[in-house]
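Below is one structure, written out as structure tokens; the observations come after it.
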Amino acid sequence: MKNEISFDAELAPESFQHHVPQDLKDRIALRIVKFMRVFADKFFAGRYGHRAVVLETVAAVPGMVGGLLQHLKALRHIRDDQGWIRELIEEADNERMHLMTFIKIAQPSRFERFLIAATQLVFYNLYFFLYLLAPRVAHRVVGYLEEEAVVSYTQYLEQIDAGNVENVAAPQIAKDYWKLPDNARLREVVIVIRADEAGHRDKNHEFANKIATGAHP
Ligand SMILES: [Fe+2]
Ligand SMILES: [Fe+2]
């Protein structure tokens with residue numbers, strides 16, 4: 001299809017911006033993410049649909065936690081949030097739409113559902129306290145997680161292009177949300193989602209930078 005090419009070029013996250021760790025806090029954030037990636041790679045291997053479903057349930061947590069804590073902080077200090085609250089909650093909502101899309105493509109097994117619940121219990125609480133005590137590290141962790149998400153969705157795309165993953169029709173929910181053409185396939189969906197992840201990556205690194213330089217609310 002011809003429109004696929006321009007579509008690709010528009011949304012390719014070629015500005016692959018890896019944030020080079022600047023100090024110990026950044027290196028800790030990167031280590032945490034690389035450590036988590038090892039488990040995800042081992043557990044899911046080549047099952048990209050399942051990987052997306054499970055990991056998107058995790059990805060939708062930090063924005064809501066960050067939004068909540070920034071909201072409480074703005075109330076406490078009675079001052080403007082510089083748009084951070086809305087930005088973070090929108091990130092969480094966008095991640096939830098990724099989940100709602102992939103659930104149409106792969107259904108989690110009973111064990112994966114258990115894993116989702118157990119991970120949420122642990123991750124929500126860990127991230128809450130991380131954000132409370134070290135918001136800069138928390139945003140940096142998400143920045144690095146999103147770097148990995150871009151890598152994973154690029155691999156997913158390569159598998160679709162290689163014919164190893166069936167390029168099924170795009171779910172209706174995805175066509176509505178991203179305003180995709182009626183004949184859109186999984187390939188287009190993965191491209192727009194990858195572009196979302198690149199956006200979250202840049203935003204979270206920017207938030208971490210702002211906290212580091214004191215330019216935050
Ligand atoms: Fe996502
Ligand atoms: Fe994401």
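None of these values were measured; they are calculated from a predicted model. All residue numbers refer to positions in the sequence shown, counting from 1. Read the numbers this way: they start at 1 and go in the same order the structure lists the ligands and their atoms.
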Solution key, residues 102-111 side-chain donor-acceptor pairs under 3.5 Å, sequence neighbours excluded:
from: Gln107; atom 1: NE2; to: Ile103; atom 2: O; distance (Å): 2.5
from: Ser109; atom 1: OG; to: Glu112; atom 2: N; distance (Å): 3.1

Decide if the gap between the ring center of Tyr127 and the ring center of Phe123 is smaller than 6.0 angstrom.
-> yes
Backbone N or O of Ile160 within a donor-acceptor pair of the Asn164 side chain at under 3.5 Å?
-> no
By residue and atom, what protein N/O/S atoms are less than 2.8 Å from the Fe ion (ligand 1)?
-> Glu56 OE1, Glu56 OE2, Glu95 OE1, His98 ND1, Glu197 OE2
Listed once per pair and sorted, the ring pair (Phe, Tyr, Trp, His ring centres under 6.0 Å) pairs that draw on residues 160-210, sequence neighbours left out = His19-His205, Trp84-Phe207, His98-Trp178, His139-Phe207, Tyr144-His205
If you look only at pairs with a residue in residues 65-74, which of them pass as a side-chain hydrogen bond (donor to acceptor under 3.5 Å, both in side chains), with sequence neighbours excluded?
-> Gln70-Tyr131
Heavy-atom closest pair, residues Arg187 and Asp161 | NE-OD1, 2.7 Å
